[in-house]
Participant: 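First the structure, which I've put down as structure tokens, then a few questions once you've had a look.
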Number of protein chains: 2
Amino acid sequence: MKELKTYPNINHFNPSDCISGKIMRCNRIVANVFRKHLMQFNITNSQLSIVFVIAKVENCNQKKISEVLYLEKSTVNRNITRLLAHKIITYTDRKNLMLTTEGKQLLNTVIPFWEKAMTEIRAILEDEGANALNALHKQLTH
Amino acid sequence: MKELKTYPNINHFNPSDCISGKIMRCNRIVANVFRKHLMQFNITNSQLSIVFVIAKVENCNQKKISEVLYLEKSTVNRNITRLLAHKIITYTDRKNLMLTTEGKQLLNTVIPFWEKAMTEIRAILEDEGANALNALHKQLTH
DNA sequence: ATCATAAAGTTGTATTTACAACTTTTTTGC
DNA sequence: GCAAAAAAGTTGTAAATACAACTTTATGAT
């Protein structure tokens, strides 16, 4: 009985409701699927997401990547440093980022395996889960 | 024209579809909100999620935390090590984990701020986003 | 053109995370 | 009870992440 009076908040809250906890769990589950398919190419989920942006966005710089991916600028900087070291990306003469020839070849090779990961995760999500993720994403990024 | 023939996958895929990218962005946005409310207590989102489990699960060990949170056992071990160092948790005589008195006091103090974070994120999600997260979570964890 | 300000990028520090390999503890078959 | 096997826990290593503080680059006002 003492405990109940001393820590009322602990006794009345429900950790299963935690939105942060839910999204973290979902994130880890999805990340594990993609990691499994990508690790053979020695590229991480996060690095691939940056490669995606650089592949598709004209005149791309670190700030742009930061905005598109909701990543802190220092995080972008360190991931860019690794992609530069692996010669997957390079700076253009105008200080923008672009894929190297090796980067394009890697991405072209990786995409079918990314699609395999997408197929695997879609099977788990089913239409309901996929639609839910779209709704969630839209709500958070608008 | 040369590019189109050389890297067909790059030209035809749509990175905006990426399920991993979407969930990563959602995760970062939500994490930022919770971090903002929790940092004054010198506790991280991940640590709090572990404290939640230890607070509510009887006879809790690292394996159990790993299963509930979908965390790799080595990750749990390192987070547990920090919580032990901060004297927020302790081992029972039976090698299970429990909150210390300080841990209970901390959690009791933090919960209202966790609720503030929940309120803030619910306002962004609206009912549609909150329901979507529940649907997504259910689909991934069942 | 120059200097002040803002924006972008970088680096120090610490936590989170996972894989691999290892050690310790527990369980099980005899 | 004891040895083998399984489970749980630990540690080495490396990437991802963010905050704070800093440097470099770009912008603007005069």
Side-chain angles (χ1 to χ4, degrees), chain A residues 20-21 23-51 53-54 59-86 88-89 91-97, chain B residues 20-21 23-51 53-54 59-86 88-89 91-97:
Chain A
S20 175
I23 194 88
M24 284 195 295
R25 280 192 290 271
C26 292
N27 186 50
R28 288 174 196 134
I29 292 165
V30 171
N32 285 343
V33 172
F34 281 80
R35 188 184 303 111
K36 186 178 63 183
H37 288 274
L38 297 181
M39 68 191 313
Q40 62 186 302
F41 301 105
N42 204 32
I43 192 168
T44 66
N45 301 352
S46 187
Q47 286 172 8
L48 185 60
S49 72
I50 290 177
V51 168
V53 177
I54 295 173
N59 302 326
C60 187
N61 61 11
Q62 293 186 27
K63 172 70 171 169
K64 184 73 185 170
I65 295 168
S66 169
E67 290 168 356
V68 171
L69 300 180
Y70 294 87
L71 275 171
E72 215 276 334
K73 61 182 178 176
S74 61
T75 303
V76 173
N77 186 269
R78 289 196 158 102
N79 289 344
I80 288 294
T81 298
R82 291 187 193 101
L83 290 169
L84 286 167
H86 293 151
I88 293 169
I89 63 174
Y91 276 101
T92 65
D93 48 356
R94 289 189 121 120
K95 308 206 162 196
N96 293 321
L97 292 159
Chain B
S20 175
I23 194 87
M24 285 197 293
R25 279 192 290 272
C26 292
N27 186 50
R28 289 175 196 133
I29 292 165
V30 171
N32 285 343
V33 172
F34 281 79
R35 188 184 303 113
K36 186 179 64 183
H37 288 274
L38 298 181
M39 67 191 315
Q40 63 186 301
F41 299 105
N42 205 31
I43 192 168
T44 65
N45 301 351
S46 187
Q47 287 172 6
L48 185 60
S49 72
I50 290 176
V51 168
V53 176
I54 295 173
N59 302 325
C60 188
N61 61 11
Q62 293 187 26
K63 172 71 171 168
K64 184 73 184 170
I65 295 168
S66 168
E67 289 167 357
V68 171
L69 300 180
Y70 295 88
L71 274 172
E72 215 277 334
K73 61 182 178 176
S74 63
T75 303
V76 173
N77 185 271
R78 289 197 158 100
N79 290 342
I80 288 294
T81 299
R82 290 188 194 100
L83 290 169
L84 286 167
H86 293 151
I88 292 169
I89 63 174
Y91 276 101
T92 66
D93 48 356
R94 287 191 121 117
K95 308 207 164 197
N96 293 322
L97 293 160

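Chain A is the first sequence line, chain B the second, and so forth, proteins listed ahead of strands; every chain is numbered from 1. Values below: all heavy atoms of this structure, side chains included; hydrogens, waters and symmetry mates excluded.
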Participant: Ignoring hydrogens and angles, does a donor from either the side chain of A/R25 or the base of C/dT17 sit under 3.5 Å from an acceptor on the other?
Facilitator: no
Participant: Rounded to the nearest Å, what distance is computed from the CG atom of residue A/N77 to the C1' atom of nucleotide C/dT13?
Facilitator: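 A/N77 atom CG is separated from C/dT13 atom C1' by 15 Å.
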Participant: Between A/T75 and D/dA18, is there a side-chain N or O to OP1/OP2 distance below 4.0 Å?
Facilitator: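 Yes.
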Participant: Under 4.0 Å from OP1 or OP2 of D/dA16: is there any side-chain N or O of B/R28 that close?
Facilitator: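 No, B/R28 has no side-chain N/O under 4.0 Å of OP1/OP2 on D/dA16.
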Participant: Taking the side chain of A/R82 as heavy atoms from C-beta outward, which of D/dA26, D/dA16, D/dT11 is closest to it?
Facilitator: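 Of the options given, the side chain of A/R82 lies nearest D/dA16.
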Participant: Could you tell me how far apart A/N27 (CG) and D/dT17 (C1') are, to the nearest whole angstrom?
Facilitator: 12 Å
Participant: Does B/K95 reach the side chain of B/N61, with side-chain heavy atoms less than 4.5 Å apart?
Facilitator: no
Participant: Just wondering, do A/I65 and A/L97 contact through their side chains at under 4.5 Å, heavy atoms?
Facilitator: yes
Participant: Taking only side-chain nitrogens and oxygens of B/N79, does any of them come within less than 4.0 Å of OP1 or OP2 of C/dT17?
Facilitator: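 Answer yes for this pair, as a side-chain N or O of B/N79 is under 4.0 Å from OP1 or OP2.
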Participant: What is the distance, to the nearest angstrom, from the CD1 atom on B/I65 to the C1' atom on D/dA7?
Facilitator: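 Nearest whole value for this atom pair: 16 Å.
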Participant: I need the CD-P distance between A/E67 and C/dA7, as an integer number of Å.
Facilitator: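 Answer to the nearest Å: 12 Å.
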Participant: Quick one: is A/Q47 getting a side-chain N or O under 4.0 Å of the D/dA16 phosphate, OP1 or OP2?
Facilitator: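 Yes, within the criterion.
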Participant: Please examine the side chains of B/L69 and A/M24, heavy atoms only from C-beta on, and report whether any two atoms are closer than 4.5 Å.
Facilitator: no
Participant: Respond yes when some side-chain nitrogen or oxygen of A/Q62 is under 4.0 Å from OP1 or OP2 of C/dT10, and no when none is.
Facilitator: yes
Participant: Between the base of C/dT16 and the side chain of B/R35, is there any donor-acceptor pair under 3.5 Å?
Facilitator: no
Participant: Could you state the CG-C1' distance from A/N96 to C/dA8, rounded to the nearest angstrom?
Facilitator: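 Roughly 12 Å, once rounded to whole Å.
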Participant: How do B/H86 and B/E72 order along DNA chain C: which one's closest nucleotide is nearer the 5' end?
Facilitator: B/H86
Participant: What contact category does A/N61 fall into here, base, sugar-phosphate, or nothing, at under 4.0 angstrom with non-hydrogen atoms?
Facilitator: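 The residue A/N61 makes sugar-phosphate contact but no base contact.
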Participant: Applying the side chain to side chain contact (heavy atoms under 4.5 Å, CB included) criterion to B/I88, which one of B/I54, B/V51, B/I50 satisfies it?
Facilitator: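 So the option named by the test is B/V51.
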Participant: Would you say that A/Y91 contacts A/N96 through its side chain, given a criterion of any heavy-atom pair below 4.5 Å between the two side chains?
Facilitator: no
Participant: For A/K64 and A/M24, find the nucleotide of DNA chain C closest to each by heavy atoms; which residue's nucleotide sits nearer the 5' end?
Facilitator: A/K64
Participant: Is B/K73 near enough to D/dG9 that one of its side-chain N or O atoms lies under 4.0 angstrom from OP1 or OP2?
Facilitator: no
Participant: Quickly work out the B/I80 CD1 to C/dT16 P distance and round it to whole Å.
Facilitator: 11 Å
Participant: Using the side-chain heavy atoms of A/S46, tell me which of these nucleotides is nearest: D/dT17, C/dT17, D/dT25.
Facilitator: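 Nearest to the side-chain atoms of A/S46, counting from C-beta on, is D/dT17.
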Participant: Are A/S74 and C/dT11 close enough that a side-chain N or O sits under 4.0 Å from OP1 or OP2?
Facilitator: no
Participant: Starting at CG of B/L71 and ending at P of D/dG9, how long is that distance when rounded to a whole Å?
Facilitator: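 Checked: the CG to P distance equals 14 Å.
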Participant: From C-beta outward on A/N32, which listed nucleotide comes closest to its side chain: C/dT26, C/dA18, C/dG9?
Facilitator: C/dA18
Participant: Look only at the side chain of B/N27 and the backbone of B/I23, and say whether a donor-acceptor pair between them is shorter than 3.5 Å.
Facilitator: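 Not a single qualifying donor-acceptor pair exists.
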Participant: Would you mind reading off the distance between A/Y70 atom OH and D/dC19 atom P, rounded to a whole angstrom?
Facilitator: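 That distance rounds to 16 Å.
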